Enquirer: 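Here's a structure for you.
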Amino acid sequence: MSPFRSHMETALAEARAAAERGEVPVGAVVVSPRGDVVAAAGNRTIELRDPTAHAEILAIRAACQVLGSERLAGCDLYVTLEPCPMCASAISQARIARLYYGTADPKSGGVSQGPRVFEHPQCHHVPEIYDGINAAEAERLLKTFFAARRP
């Protein structure tokens, strides 16, 4: 078994790129069971005019294409912000093995906040969950982004 290596810095880079595009700065990375980055994405809801174009959804879609499967068994997902309920459901459907996320989302979170998707009996698969990874930097990106948009 290889030693743990966080890929949150890659997710943070995707979040920074999203902010530069005027998108909410959230980034996500799918990592294979061997530890290779399979896909990385940042939010693109405005650019694509698609309310489902969250970083997690885009990274999951891309990883499924790369791996040629609708399931990402054994893969890990790194995301800078606690996934919303839609993304948490997609994580479950994709059979992600481990979810690593940065900062909590008290307003729209779906993992440890709000509806807690993985605790529902209808949830088919529950990943291992690790939170607080690079949380301060992820939170700083979000606060800076939103502060710049408020009068």
Side-chain angles (χ1 to χ4, degrees), residues 7-33 36-135 137-146 148-150:
H7 291 271
M8 191 59 79
E9 282 301 326
T10 304
L12 286 164
E14 290 291 336
R16 288 183 199 98
E20 289 174 18
R21 294 190 303 272
E23 302 275 359
V24 174
V26 177
V29 179
V30 175
V31 178
S32 76
D36 302 318
V37 172
V38 177
N43 275 355
R44 291 185 181 273
T45 59
I46 297 166
E47 176 186 338
L48 299 176
R49 293 176 176 81
D50 178 356
T52 70
H54 291 196
E56 302 95 316
I57 300 291
L58 296 174
I60 288 169
R61 287 176 182 162
C64 286
Q65 290 300 308
V66 168
L67 298 175
S69 176
E70 74 283 3
R71 300 275 165 82
L72 299 173
C75 289
D76 297 341
L77 177 69
Y78 290 80
V79 62
T80 58
L81 180 64
E82 175 185 354
C84 72
M86 173 183 69
C87 292
S89 182
I91 290 163
S92 176
Q93 295 296 323
R95 306 303 196 264
I96 296 288
R98 283 164 294 281
L99 167 64
Y100 299 90
Y101 71 86
T103 191
D105 187 353
K107 182 180 174 207
S108 301
V111 177
S112 64
Q113 312 285 322
R116 300 178 185 203
V117 170
F118 299 129
E119 294 179 17
H120 281 260
Q122 294 86 358
C123 184
H124 297 293
H125 169 79
V126 178
E128 293 175 29
I129 301 167
Y130 303 92
D131 64 353
I133 314 295
N134 293 69
E137 176 62 10
E139 184 176 344
R140 187 192 64 73
L141 282 171
L142 288 159
K143 284 185 175 184
T144 301
F145 177 83
F146 286 114
R149 278 150 183 76
R150 293 188 180 108

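Only a predicted model underlies this, so the values are computations on that prediction, with no experimental measurement involved.
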Enquirer: Heavy-atom count check: over 12 atoms from other residues, nucleotides or ligands less than 6.0 Å from E47 CD?
Expert: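 Check passes, neighbour count above 12.
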Enquirer: Which residue pairs satisfy the side chain to side chain donor-acceptor pair (under 3.5 Å) criterion with at least one member in residues 118-133, sequence neighbours excluded?
Expert: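 Passing the test, one end in residues 118-133: E128-Y130.
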Enquirer: Report the C-alpha distance between I96 and D76 in whole Å, list the side-chain angles of each, state the deciding distance to 0.1 Å, and finish with yes or no for side chain to side chain contact (heavy atoms under 4.5 Å, CB included).
Expert: CA-CA 6 Å; I96 296 288; D76 297 341; 5.6 Å; no
Enquirer: Checking F146 now: which residues fulfil ring-ring contact (aromatic ring centres under 6.0 Å, His included) with it, not counting sequence neighbours?
Expert: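 Once residues adjacent in sequence are excluded, F146 has no partner under the ring-ring contact (aromatic ring centres under 6.0 Å, His included) criterion.
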Enquirer: Please determine whether a side-chain nitrogen of the Lys or Arg among E20 and R16 lies less than 4.0 Å from a carboxylate oxygen of the Asp or Glu.
Expert: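 No.
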Enquirer: Heavy atoms only: give me the nearest V117-A88 pair and the separation to one decimal.
Expert: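 That closest heavy-atom pairing would be CB-CB, 3.8 Å.
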Enquirer: Indicate yes or no: at least one non-hydrogen side-chain atom of S92 is less than 4.5 angstrom from one of S89.
Expert: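 Heavy-atom side-chain distance check fails, nothing below 4.5 Å.
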Enquirer: So that I can tick it off, tell me whether R95 and E70 are bridged by a salt bridge, with the cut-off set at under 4.0 angstrom between side-chain N and carboxylate O.
Expert: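 A salt bridge is absent here (no side-chain N lies under 4.0 Å from a carboxylate O).
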Enquirer: Quick check: do P127 and R98 have side-chain heavy atoms less than 4.5 Å from each other?
Expert: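 No, every pair of side-chain atoms sits at 4.5 Å or beyond.
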Enquirer: A63 and A39: which non-hydrogen atoms are nearest, and at how many Å?
Expert: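 Shortest heavy-atom contact: N-CB, 3.6 Å.
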Enquirer: Roughly how far apart are L99 CG and I91 CD1, rounded to 0.5 Å?
Expert: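 If I round to the nearest 0.5 Å, the distance is 5.0 Å.
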Enquirer: Looking only at heavy atoms, which two atoms of A15 and G27 are closest? And how far apart?
Expert: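 Taking every non-hydrogen atom into account, CB-N, 3.6 Å.
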Enquirer: Within the side chain of E23, is there an N or O that forms a donor-acceptor pair under 3.5 Å with the backbone of I46?
Expert: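 Checked: pair present.
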Enquirer: Check the orientation of Y78 and H7. Use parallel for under 30°, tilted for 30 to 60°, and perpendicular for over 60°.
Expert: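 Taking H7 first and then Y78, their aromatic rings stand perpendicular (interplane angle over 60°).
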Enquirer: Are V79 and Y100 side-chain neighbours, meaning at least one heavy-atom pair lies under 4.5 Å?
Expert: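 In short, these two side chains do not touch, never coming nearer than 4.5 Å.
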Enquirer: Could you tell me the separation between the CG atom of L72 and the CD atom of Q93, rounded to the nearest 0.5 Å?
Expert: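 Rounded to the nearest 0.5 Å, the CG-CD separation comes out at 12.0 Å.
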Enquirer: Flag the pair P25 / N43 as yes when at least one side-chain heavy-atom distance between them is below 4.5 Å, and no otherwise.
Expert: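 With C-beta onward as the side chain, the pair stays apart.
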Enquirer: Where do V29 and L77 land on the side chain to side chain contact (heavy atoms under 4.5 Å, CB included) test, with the steps shown first?
Expert: CA-CA 6 Å; V29 179; L77 177 69; 5.9 Å; no
Enquirer: Quick check: does any side chain N or O of D36 sit under 3.5 Å from a backbone N or O of V38, one acting as donor and the other as acceptor?
Expert: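 Checked: no pair found.
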Enquirer: Can you list the residues that meet the ring-ring contact (aromatic ring centres under 6.0 Å, His included) rule with Y101, with sequence neighbours excluded?
Expert: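 ring-ring contact (aromatic ring centres under 6.0 Å, His included) check on Y101 returns nothing, list empty.
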Enquirer: Are a donor atom and an acceptor atom from the side chains of D50 and T52 found within less than 3.5 Å of each other?
Expert: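 Present: a donor and an acceptor within the cut-off.
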Enquirer: Minimum heavy-atom separation for V30 to I60, with atom names?
Expert: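 Of all heavy-atom pairs spanning V30 and I60, the closest is CG2-N, 4.2 Å.
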Enquirer: Side chain to side chain contact (heavy atoms under 4.5 Å, CB included) between V126 and C123: does it pass, once the steps are laid out?
Expert: CA-CA 7 Å; V126 178; C123 184; 4.1 Å; yes
Enquirer: Whether the side chain of E82 engages the backbone of S112 through a donor-acceptor N/O pair (distance < 3.5 Å, no angle test) should be reported.
Expert: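 Yes: the side chain of E82 pairs with the backbone of S112.
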Enquirer: Could you pull out the closest heavy-atom pair between P33 and C75, with the gap in Å?
Expert: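 Minimum heavy-atom separation between P33 and C75: CD-SG, 3.9 Å.
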Enquirer: Identify the two heavy atoms, one from G22 and one from F145, that lie closest to each other, and give their separation to 0.1 Å.
Expert: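 For G22 and F145, the tightest heavy-atom pair comes out as O-CZ, 3.7 Å.
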Enquirer: Does CZ in R49 sit with more than 12 non-hydrogen atoms of other residues, nucleotides or ligands closer than 6.0 Å?
Expert: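 Open: at most 12 neighbouring heavy atoms sit under 6.0 Å from CZ of R49.
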Enquirer: Within the structure provided, determine whether T80 and N134 are in side-chain contact (heavy-atom separation under 4.5 Å).
Expert: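 When only atoms from C-beta onward are counted, N134 and T80 do not touch, as no gap falls below 4.5 Å.
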